Amino acid sequence: MKKKVRKALFPAAGLGTRFLPATKALPKEMLALVDKPLIQYGVEEAIAAGCEQIIIVTGRNKAEIEDHFDISFELEQLLERRGKTDLLAMTRQVSHMARIAYVRQKEAMGLGHAVLMARDLVGDEPFAVILPDDIIAAEVPCLQQMIEVFEKTQSSILATQVVEGPSISSYGVLDCTADAEDPRLVAVRTLVEKPAPEEAPSRNAIIGRYILTPRIFDVLENTALGAGGELQLTDGIKGLLEFEEVYGYTFEGTRYDAGDKLGMLKATVEFSLRRDDLGPEFREYLKTLSL
Ligand code: UTP
């Protein structure tokens, strides 16, 4: 019987050092892109892709994430008294958007370790992983595109984008073979972490969306700590390749690294320009800047 992806996991226990000092006391995942916290974009993407349960891996100093998706009585009462019906509806929608379970990662010991923390909540079924600081603008949500592929392959799938030039060496890169039927799909031979540009085995860089089979948990349990003394998800996926096929999928859409200051600035400009309520005025403002 074909398996379905019902659960989406959000690792959100990292320290967010690239965004200091903003992330000293505020979770990176709560930084606002225009007017919405980063993690809410990801949760909306997962729901649009048909996921029924959201699992968020949090840590110390991450209480704002739970508060954000919780009911805020005082705020709702105030908005009601003031007759701000649109804002009230928006606030209520956030607290009712999904079934969310939380699990703690007590120490930021790496992405693979964060995924492992959710083992009991995920159970024995395939699941999605969304890195909340990778924001993807797409007509069909990136995760939905991947789930459609999973429904055929029933194998783990890593989202990739084509990166030309030397910046390929900031990514995990696929060593892979093309699929005969689908030009966006490749079969993964292995992964190479941050290769020198001339040694990159392909232009397919791994982006923060994954669909993983539950075997990843057994593999991660038996994976040694890697770079930076952390349990790396990419090492786990390499281990998974010894047992199963893993695919890479070049999604349609644009990805922004909003966990990085420049990436966040680019996303802010582009998302603002696309907004009906902000775009026209913002465009006029940008034109006045003598760049
Ligand atoms: P990043 O490497 O982008 O996040 O991990 P980071 O470590 O918080 O940030 P920098 O690099 O220091 O600026 C991607 C996602 O994985 C989570 C992070 O919260 C982020 O959403 N993560 C990372 C964990 O949950 N646990 C970890 O141990 C590491």
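Starting from 1, each residue takes its place in the sequence as its number. Predicted model only: the values in this text are computed from it and were never measured.
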I want to check a possible cation-pi pair here: Lys194 against Tyr171, using under 6.0 Å from ring centre and within 45° of the ring axis as the test. no

Given 3.5 Å as the limit, does a donor-acceptor pair link the side chain of [X] with the main chain of [Y], or not?
X: Gln161; Y: Ala205; value: no
X: Thr223; Y: Gly236; value: no
X: Glu151; Y: Lys3; value: no
X: Tyr41; Y: Leu33; value: yes
X: Asn222; Y: Asp218; value: yes
X: Thr23; Y: Gly16; value: yes
X: Ser155; Y: Thr153; value: yes

Taking [Y] as the starting point, is it possible to reach [X] by hopping between hydrophobic residues whose side chains are less than 4.5 Å apart?
X: Val94; Y: Leu87; answer: no
X: Leu231; Y: Leu121; answer: yes
X: Ile39; Y: Ile71; answer: no
X: Ile136; Y: Leu111; answer: no
X: Val188; Y: Val129; answer: yes

Stepwise, does the side chain to side chain contact (heavy atoms under 4.5 Å, CB included) test hold for Val186 with Tyr247? CA-CA 6 Å; Val186 292; Tyr247 291 92; over 6 Å; no

Write down the atom of [X], the atom of [Y], and the distance for their closest heavy-atom approach.
X: Met30; Y: Leu26; answer: CB-CD1, 4.2 Å
X: Ala48; Y: Pro141; answer: CB-CG, 3.9 Å
X: Val173; Y: Pro201; answer: CG1-CD, 3.9 Å
X: Ser95; Y: Asp70; answer: CB-O, 3.3 Å
X: Ile147; Y: Cys51; answer: CD1-SG, 4.4 Å
X: Val57; Y: Ala114; answer: CG2-O, 3.5 Å

In short, side-chain hydrogen bond (donor to acceptor under 3.5 Å, both in side chains) pairs touching residues 47-66 with sequence neighbours left out are Glu29-Lys62

What pairs meet the side-chain hydrogen bond (donor to acceptor under 3.5 Å, both in side chains) rule with one or both residues in residues 229-241, with sequence neighbours excluded?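 Residue pairs passing side-chain hydrogen bond (donor to acceptor under 3.5 Å, both in side chains), neighbours aside: Glu193-Thr234.
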
Holding to side-chain hydrogen bond (donor to acceptor under 3.5 Å, both in side chains), I want the full list of residues that pass it with Glu244, two or more places apart in sequence or in another chain.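 By the side-chain hydrogen bond (donor to acceptor under 3.5 Å, both in side chains) rule, Glu244 matches Thr213, Arg215.
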
Tell me which one of Lys36, Arg255, Arg209 satisfies salt bridge (charged side-chain N to carboxylate O under 4.0 Å, His left out) with Glu45. Arg209

Taking the side chain as every heavy atom from C-beta outward, state whether [X] and [Y] have any atom pair closer than 4.5 Å.
X: Lys24; Y: Leu20; value: yes
X: Glu252; Y: Val140; value: no
X: Ile130; Y: Tyr210; value: no
X: Glu164; Y: Arg203; value: yes
X: Ile100; Y: Tyr102; value: yes
X: Tyr249; Y: Phe150; value: no
X: Ile56; Y: Ile65; value: yes
X: Val219; Y: Glu242; value: no

Could you go step by step and tell me if Arg274 and Glu270 meet the salt bridge (Lys or Arg N to Asp or Glu O under 4.0 Å) rule? CA-CA 6 Å; Arg274 271 187 225 127; Glu270 294 188 27; 3.8 Å; yes

With rounding to the nearest 0.5 Å, note down the distance linking [atom1] in [X] to [atom2] in [Y].
X: Ile55; Y: Met117; atom1: CD1; atom2: CE; answer: 13.0 Å
X: Ser156; Y: Leu212; atom1: OG; atom2: CG; answer: 5.0 Å
X: Asp86; Y: Leu88; atom1: CG; atom2: CG; answer: 9.5 Å
X: Thr250; Y: Arg184; atom1: OG1; atom2: CZ; answer: 6.5 Å
X: Ile157; Y: Glu148; atom1: CD1; atom2: CD; answer: 10.5 Å
X: Leu191; Y: Leu233; atom1: CG; atom2: CG; answer: 9.0 Å

For Tyr256, what residues pass the ring pair (Phe, Tyr, Trp, His ring centres under 6.0 Å) criterion, not counting sequence neighbours? Phe271

Please say whether more than 12 non-hydrogen atoms of neighbouring residues, nucleotides or ligands are located less than 6.0 Å from CD in Glu198.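 Buried by this count: over 12 neighbours within 6.0 Å.
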
How about Gln154: does its CD atom have over 12 heavy atoms from other parts shown lying under 6.0 Å from it? yes

Run the salt bridge (Lys or Arg N to Asp or Glu O under 4.0 Å) check on Lys4 and Glu125 step by step: do they pass? CA-CA 8 Å; Lys4 285 190 75 166; Glu125 57 180 284; over 6 Å; no

Partner residues of Arg189 under the side-chain contact (heavy atoms from CB on, under 4.5 Å) criterion, sequence neighbours left out: Asp175, Thr177

Other than Phe282, which residues form its hydrophobic cluster under the rule that side-chain heavy atoms must be closer than 4.5 Å?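 When side chains under 4.5 Å apart are linked, the cluster holding Phe282 also contains Val269, Leu273, Tyr285, Leu286, Leu289, Leu291.
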
Hey, mind stepping through Gln40 and Met97 against side chain to side chain contact (heavy atoms under 4.5 Å, CB included) and telling me if it holds? CA-CA 10 Å; Gln40 191 178 329; Met97 68 172 46; 3.7 Å; yes

Please evaluate residues Asp120 and Val103 with respect to the criterion side chain to side chain contact (heavy atoms under 4.5 Å, CB included), reporting the C-alpha separation (whole Å), side-chain torsions for both, the decisive distance (0.1 Å), and the verdict. CA-CA 10 Å; Asp120 290 344; Val103 61; over 6 Å; no

I would like to know whether Val115 and Phe127 meet side chain to side chain contact (heavy atoms under 4.5 Å, CB included); could you show each step before the answer? CA-CA 11 Å; Val115 169; Phe127 62 104; 4.1 Å; yes

Less than 4.0 Å between a side-chain N and a carboxylate O, is that true for Asp260 and Lys266?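 No, no charged N to carboxylate O under 4.0 Å.
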
Quick test of your reading of the model: are Asp133 and Lys28 salt-bridged, counting only N-O distances below 4.0 Å?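 Yes, charged N to carboxylate O under 4.0 Å.
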
